[in-house]
Amino acid sequence: MIGAVRSWLTSIAAVTLMLTVVQTLVPEGTLRKISGFTGGLLLLAALLQPVLKTDLGRLRLDFSDYEEAVAARAAELDAAGKEELAAIIAGRTAAYISDKADALGLGNITVQVETEPGADGETPIPASVALMAPYSQALADWIAEELGIPAERQVWHEGKN
């Protein structure tokens, strides 16, 4: 490898030296411009010599590690998105139940909603609810009817809020 670099640098130095001598010997005018242009092309060819000799047919680009990393990151982001969506649905459902409890005259209550994947396996739905409030048949019936959370998945912690 070092030998190839040395050979390349030597050829560039030789072409540069040769071009300098030619430029010095050629008289002013059109001929000098033509020789300068031709010399520039020769120098460019010398500079690009390693690239021109490269066999691109043997070049193999392996992106499988990157593909795996991207797929893993996409799965992580998907899981995080589902968790965030579940938290948003749980929070909004809890606020909805709290508002209904307030409308029924139960005052401020503490509500904790748990979610589970829906029928499509993706969208979380409210599955159970824990309420820090005295039992209210009206609210329990409303939760079962409106939110689809049956009485056996409703936990009432009677006591002061």
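- The structure places CG of Asp120 at 4.0 Å from OG1 of Thr123, a figure rounded to the nearest 0.5 Å.
- Ile97 CD1 to Asp102 CG: the interatomic distance, rounded to the nearest 0.5 Å, is 13.5 Å.
- The only member of Thr38, Leu19, Leu48 that meets side chain to side chain contact (heavy atoms under 4.5 Å, CB included) when paired with Leu43 is Leu19.
- Smallest separation of non-hydrogen atoms from Trp8 and Pro50: NE1-CD, 3.1 Å.
- Side-chain contact between Gln137 and Tyr135: present, with at least one pair of heavy atoms (C-beta onward) separated by less than 4.5 Å.
- Within the model, atoms CG of Leu104 and CG of Asp99 stand 11.0 Å from one another, a figure rounded to the nearest 0.5 Å.
- Cluster annotation: Trp142 and Val113 are assigned to the same hydrophobic cluster (Ile/Leu/Val/Met/Phe/Trp/Tyr, side-chain heavy-atom contacts under 4.5 Å, transitive).
- In this structure, the side chains of Leu131 and His157 stay at 4.5 Å or more apart for every pair of heavy atoms.
- Atom OG1 of Thr20 sits about 11.0 Å away from atom CG of Leu25, to the nearest 0.5 Å.
- Of all the heavy atoms in Ser128 and Ile149, the pair that sits closest is CA-CG2, 4.0 Å.
- Summarising the geometry of Pro150 relative to Ala144, their closest heavy-atom pair is CA-CB, 4.4 Å, with the distance given to 0.1 Å.
- Residues Val111 and Val129 are in side-chain contact: their nearest non-hydrogen atoms beyond the backbone lie under 4.5 Å apart.
- More than 12 heavy atoms of other residues, nucleotides or ligands sit less than 6.0 Å from atom CZ of Arg32.
- Listed here is the closest heavy atom pair of Thr93 and Pro126: OG1-CG, 3.6 Å.
- No single ILVMFWY cluster, assembled from side-chain heavy atoms under 4.5 Å apart, contains both Ile12 and Leu17.
- Taking NZ of Lys100 as the start and CG of Leu147 as the end, the distance is 11.0 Å to the nearest 0.5 Å.
- Between Leu139 and Trp156, the closest side-chain pair of non-hydrogen atoms falls below 4.5 Å.
- Ile89 and Tyr96 fall into different hydrophobic clusters, defined by Ile, Leu, Val, Met, Phe, Trp and Tyr side-chain heavy atoms under 4.5 Å apart, directly or through other members.
- For the pair Glu116/Ile125, a side-chain contact is recorded, criterion being any heavy-atom separation below 4.5 Å from C-beta on.
- A salt bridge is defined here as a Lys NZ or Arg NE, NH1 or NH2 lying under 4.0 Å from an Asp or Glu carboxylate O, and Lys33 with Glu28 fails to meet this definition.
- In this structure, the side chains of Ser35 and Gln23 come closer than 4.5 Å at one or more pairs of heavy atoms.
- Cluster annotation: Val15 and Leu47 are assigned to the same hydrophobic cluster (Ile/Leu/Val/Met/Phe/Trp/Tyr, side-chain heavy-atom contacts under 4.5 Å, transitive).
- Applying the salt bridge (Lys or Arg N to Asp or Glu O under 4.0 Å) criterion to Asp78, with sequence neighbours excluded, gives Lys82.
- Rounded to the nearest 0.5 Å, atoms OG (Ser11) and CE (Met18) are 11.0 Å apart.
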